[in-house]
Amino acid sequence: MTKIIAGNWKMNHGPKETKAFIEAFSQQLEAGPDRIMIFPPAVSLAAARAAIGDSPILLGAQNVYFEMKGAYTGEISIPMLQELGIEYCLIGHSERRHIFGEDGALLNKKLKALLEAGMTPVYCIGEQLEDREAGRTLDILKEQLETGLAGLPTINRSNFILAYEPVWAIGTGKTATPEDADETMGSIRQILSSLQVEPELPILYGGSAKPENAGALLAKTHINGLLIGNASLAPDSFRKMINWRAE
Ligand code: PEP
């Protein structure tokens, strides 16, 4: 089955490094069945678009504002992304929620605006360590899904991607076991059904995924792909994860 292998570069790789990464990475890339996506910083998107050329890399933004234009210093809009041919956008990454204080109501507006504009959100959800230790993981995920998806236009596997990223596993080197991640992601599908949402949305796992564990994670039924931070920053490591079937 097709999987999605996505690199979230966070605040790494300016335009020059982005161009160098894509040139090196594309040379080594053998077209396989999986969808490959990168999320460079906003200032590097134009360089990424130019460097991608005919290569099958899909391009996404890490963030966007829900208003179309106006007095919103520091923000970028959906039409600006569309002018660069960007089709995907991360929404609700734990760093946006917990460092920048983005709440469910704001994320819901962003999701709605992206869908209305015909873009595909990658909506990130995940519990913090204290939630997990208190046995509240599924309550937190349900709350994030209920708030985020409230009143959206119809979502389905062709216009929406979810990413399950346990916050305690992001950038920490601690990965959920493939079994734990798969079980939680199966529960996410049940929550989607209970919310009358298509349960077979693509769901990515994120949290210290790396070449050494990519194959075991991707072999699981409910794991439709990976959202990768640190291990997506070097072309060689990202390529190994793209080639997870062969590694
Ligand atoms: C992320 O930022 O989405 C992520 C999963 O980071 P890392 O792979 O570094 O844990």
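Counting starts at 1 for both ligands and their atoms, following the listed order. Just so you know, these numbers use all the heavy atoms, side chains as well, and skip hydrogens, waters and symmetry mates.
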Measure the shortest side-chain to side-chain distance between [X] and [Y] over non-hydrogen atoms and say whether it is less than 4.5 angstrom.
{"X": "Met37", "Y": "Ile57", "result": "no"}
{"X": "Asn63", "Y": "Leu90", "result": "no"}
{"X": "Ser187", "Y": "Leu141", "result": "no"}

Could you tell me which atoms of ligand 1, counted from 1 in the order shown, lie closer than 4.0 angstrom to a heavy atom of [X]?
{"X": "Asn230", "answer": "7 (P), 8 (O), 9 (O)"}
{"X": "Ser208", "answer": "7 (P), 8 (O), 10 (O)"}
{"X": "Gly207", "answer": "5 (C), 10 (O)"}

Counting only heavy atoms, which portion of [X] has something under 4.0 Å from ligand 1: side chain, backbone, both, or neither?
{"X": "Lys210", "value": "neither"}
{"X": "Ala169", "value": "backbone"}
{"X": "Asn8", "value": "side chain"}

Practice task
Indicate yes or no: does an N/O atom of Gly171 lie under 3.5 Å from an N/O atom of ligand 1?
Solution key: yes
Practice task
Using distance alone, determine whether Glu95 and ligand 1 share an N or O pair under 3.5 Å.
Solution key: no
What protein heavy atom sits nearest [atom], and how far away is it?
{"atom": "atom 8 (O) of ligand 1", "result": "Gly229 N, 2.8 Å"}
{"atom": "atom 1 (C) of ligand 1", "result": "His93 NE2, 3.2 Å"}
{"atom": "atom 5 (C) of ligand 1", "result": "Glu165 OE2, 3.1 Å"}

Practice task
Report, as yes or no, whether the 6.0 Å neighbourhood of atom CD on Glu146 holds more than 12 heavy atoms from other residues, nucleotides or ligands.
Solution key: yes
Practice task
Mind running side chain to side chain donor-acceptor pair (under 3.5 Å) on Trp168 and Glu127 for me, showing each step along the way?
Solution key: CA-CA 8 Å; Trp168 50 270; Glu127 81 285 1; 2.9 Å; yes
Completion exercise
From the list Arg97, Lys110, His93, side chain to side chain donor-acceptor pair (under 3.5 Å) partner of Glu102 resolves to Lys110
Problem - salt_bridge(Arg136, Asp131) N-O dist < 4.0 Å - result: yes
Practice task
Taking atom types as modelled, find out whether Glu143 and Thr147 have a side-chain donor-acceptor pair closer than 3.5 angstrom.
Solution key: yes
